[in-house]
Number of protein chains: 2
Amino acid sequence: MSVNSFDNYPLAWKPEKEKLKQPYFKALAEDLENRIKRGILKPGTKLPPQREIADYLNLNYTTITRVYEICKKKGLVYGAAGKGTFVSPHSSENITITASNLTDGCIEMGAVNGFSEYTELTERATRAVVEKGYLRNLYEYTHPAGQPHQLAAGIRWMEQLGVHTDNEHTAIFAGAQNAITVALVSLFSPGDKIATDQYTYSNLIELAKLLHIVLVPIRGDKNGMCPDDLKRQCGTNKMKGIYLMPSCANPTTIVISKERREELAAVIRKHRLILIEDDVSAWMPTSIGNMLPSMFDLLAGQSIYICGMTKNLCPGLRIAYMTFAECFRQEILHGLFNINVKTSSLDAEIITELILNGDAYKIAEHKHSLTERACALFAKYFPECWKEHGKISYYQWMPIEIEKPFRDIEEDFISQGIRVYHSERFAVAKNQGHNFLRVTLCSAGSMRKLEKGLQILKSCLD
Amino acid sequence: MSVNSFDNYPLAWKPEKEKLKQPYFKALAEDLENRIKRGILKPGTKLPPQREIADYLNLNYTTITRVYEICKKKGLVYGAAGKGTFVSPHSSENITITASNLTDGCIEMGAVNGFSEYTELTERATRAVVEKGYLRNLYEYTHPAGQPHQLAAGIRWMEQLGVHTDNEHTAIFAGAQNAITVALVSLFSPGDKIATDQYTYSNLIELAKLLHIVLVPIRGDKNGMCPDDLKRQCGTNKMKGIYLMPSCANPTTIVISKERREELAAVIRKHRLILIEDDVSAWMPTSIGNMLPSMFDLLAGQSIYICGMTKNLCPGLRIAYMTFAECFRQEILHGLFNINVKTSSLDAEIITELILNGDAYKIAEHKHSLTERACALFAKYFPECWKEHGKISYYQWMPIEIEKPFRDIEEDFISQGIRVYHSERFAVAKNQGHNFLRVTLCSAGSMRKLEKGLQILKSCLD
DNA sequence: CAATTTGTATCTACACATTTT
DNA sequence: GAAAATGTGTAGATACAAATT
């Protein structure tokens, strides 16, 4: 085949043959990375097959395999045998959700702050800790995983969430995100694959990118992740772990049903996946009423359970509990020592005080009733959506019809005075066709502001 | 060459030809890993040349390259062109230093706790923070890098250490180890190489292993790392970064001289290395007297400066400041958001209070005078060592003559009633020939106990 | 359901750099 | 200082697996 026959061929990526320097695979990988990062190659774009690029450049096609491999490790592209290689959805952009400052007057319905304005009982607990004369014990280096009584309080808290464990298999971390980091760093290596929902916690997506861990989206329905698709992907993809939020997925608010939990557990057990169960919303008192079995209990022996205390109690105190199977014990503690050394004892002690004096439950109840009120407001403005997708939750998941780049959509809302997040921020793979908004109800600052925000949202969508 | 001619050849590693299954390189890598982890192949052992193994197994020798490559990425072995491939010093063992519990009566001269028994002023600051009525502002999600006044306090503290920066280039982390983690995760990728001293902070060694970052030891002398060896390694090794503790290296207590700092800065600048400056001991008031220019100021634009507040103020409050060049800003903050979300505001506020009311300086002075007293005790029992290596420091570096596995040596000391750490714990590459002990002077709990510990040490070495 | 397209895994080939002799 | 030993970097060949047509 003539070398020049591709000159007018429509290859999405056509490296300049003349400028190509040795080593080829590095030069090509850099070129590809540049084009993706500069936005010349947009997310979702199908790259030319390895053999075409190779023919065009007169190289062996496995050299192009190397090029795609390098970019894959960086999370810039992903490949599928038989289909092709594609530019990753978030390759060129940072979707981290953080409490960045909003313009004055703009109503926060993006970040999930968990009604952080309610702090009376936490303040009281802080005073109690300081007055107890126990302070000097909190300033020491000892008990890097947490002091025994602090762990005991955490275990008690998790007990009511359907997770049964003991001091030897529990540790305290500086928040759920920090706990996930330690779990990923300690138990996974770059290139390992973790199954997730198609939409998941956006900071997990970013963290996985940072650690060069590959997230593999699994199809789901109203009851959660589909066991069949998980099975299929496990067969072909050599998955090492799975990340689930069974009690109320972020952002979709899907609760995994009892049957589904058992079906998933069977697949996870069979393929020996490491399960990371992130229980952000189990605290909701209603869910305690009709409690579902924790995945951790279903899969004791191959699970990590993470229970963050920031969103339900107090975001400024960075505390999460992690419970782990015996086989992960050494590695998790090793990771904890080397990433954090230890977690702030003072923060841990305040949360401990809140659990032991019962105020943690009062805060949870109070926040639950606030959530109910906020949901009622939401239902008032969006009755169909509430009927279809509604859950008592800090946020709602709302289908929208707008076809625009997602950043533009978000910015349009900001210019109207509200911040909400678009589903693409949470998408593990390329766009799924449907678009949604995650509408947070717990961060506006007051019910009055929330109602105003919902009114703005309504008027924007009409 | 006959396939069987190696049967009686003394290869340190001779995989069983019969049991070998495909894929060869994976099977071989697993076999090698097993033998190293089970201790059959001991640290320092020279592995057979790639070509010999290959001949023996009738494989192409680059297949063995792959095998060694896999084990190298796991930190199990290291190779040197022209020399051979060797089993890594810490391949089979975890050298993490943590505040694990000591048997009753055993005197702690291993971990560095920084005279943590002195907590009066910290307790007072904690009370002050609680009483100021500012608590509710600490419970929020905002200002993930730290509140402006907290950053300002940190900047003021760093100012006196010779580091000049501003709010936009400073962030608060949950301790120095946590700050290093974020720097490594945000700015480096698996396989990247970082230059370090031959002996360095053992938790850095473990952290690098966890993140699959390769540490390259550079020769040093009494004035610190040798610029020539750094230059040489940069030429051949494609280094991406360098980690230094210029103000007082852990564990060697070496202070990098002014001239040396400038020489090193020139090499670092030329090769565009990312400098991570870990300033654990700059707080020592004496060093403030005759202050040396910070590497950060010498290399503004390509540096990260980390200032941990745990060892000098209070280990239980997990706070460190990090200052970074503009070009790292986005990546560092991105890493912070995704690894920690944010740092405990309460801890940060207490440290802020200590800096602003001046008590931080008093604590530092008090700890310095304790350190001087402890060093005087050390000099009394080990006058030659003090004369040769002594520095006013939380720990001392002491040559020893014992030839035994390092764990055995440490355990011998423990059975005598003291915990000290052996130099091999801090060795980045294979054993250097000389052996040392790091003798910590700030963790015994009292001067009386410290003296008793030194007496035991003396009697053990006589 | 067979043929085709496309990516992946594994092993081989060879030029080259560094260290030792 | 040349030759030999030894690890490293880059590219190619081949068999195979998954998805599409």
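Naming: A, B, ... by sequence-line order, numbering from 1 per chain. Only this structure's heavy atoms are used, side chains among them; waters, hydrogens and symmetry mates stay out.
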Polar atom pairs (N or O), protein with nucleotides 5-7 of chain D, under 3.5 Å:
from	atom 1	to	atom 2	distance (Å)
dT6(D)	O2	G82(B)	N	3.2
dG7(D)	OP1	T85(B)	N	3.1
dG7(D)	OP1	T85(B)	OG1	3.2
dG7(D)	OP2	Q50(B)	N	2.8
dG7(D)	N7	R51(B)	NH1	2.9
dG7(D)	O6	R51(B)	NH2	2.8

Q | Backbone N/O of K42(A) and side chain of T45(A): donor-acceptor pair under 3.5 Å | A | yes
Q | N58(A) CG to dT10(D) C1', straight-line distance once rounded to whole Å | A | 17 Å
Q. Which residues pass the salt bridge (charged side-chain N to carboxylate O under 4.0 Å, His left out) test with K72(A), sequence neighbours left out?
A. none
Q: Could you check how far NZ of K231(B) sits from C1' of dT18(C), rounded to whole Å?
A: 19 Å
Q. E69(A) has an atom CD; how far is it from atom P of dA9(C), in whole Å?
A. 8 Å
Q) So, does Q50(A) use its side chain to make a donor-acceptor pair with the main chain of T85(A) at under 3.5 Å? A) no
Q) Using a cut-off of less than 4.0 Å, is there contact between a side-chain N or O of T63(B) and OP1 or OP2 of dT12(C)? A) yes
**Q.** Bend angle of the helix from dA2(C)-dT21(D) to dT21(C)-dA2(D), end axes from five pairs each (to 10°)
**A.** 0°
Q: Look at the aromatic rings of F406(B) and H422(B) and report parallel, tilted or perpendicular, splitting at 30° and 60°.
A: tilted
Q: To the nearest Å, give me how far apart OH (Y24(A)) and C1' (dG9(D)) are.
A: 14 Å
Q: Provide, to the nearest angstrom, the distance between the CD1 atom belonging to I64(A) and the C1' atom belonging to dT8(C).
A: 15 Å
Q) Is there a donor-acceptor pair closer than 3.5 Å between any side-chain N or O of Q302(B) and the backbone N or O of L275(B)? A) no
Q | R35(A) and D31(A) ion-paired at < 4.0 Å | A | yes
Q: Let me know the distance between NZ of K26(B) and P of dT8(C), rounded to the nearest Å.
A: 14 Å
(Q) Classify the ring geometry of F436(B) against Y199(B): parallel below 30°, tilted from 30° to 60°, perpendicular beyond 60°. (A) perpendicular
Q: Please figure out whether N60(A) or T62(B) has its closest DNA chain D nucleotide nearer the 5' end.
A: T62(B)
Q. Taking atom C1' of dC11(C) as reference, at what distance in whole Å does atom CG of L28(B) sit?
A. 12 Å
Q) Between the side-chain atoms of R66(A) and the base atoms of dT8(C), is any donor-acceptor pair under 3.5 Å? A) no
(Q) Can a donor-acceptor pair be found, under 3.5 Å and without considering hydrogens, that links the side chain of R260(B) to the backbone of G224(B)? (A) yes
Q) Any idea which heavy atoms bring S189(A) and I213(A) closest together, and the distance? A) O-CG1, 4.0 Å
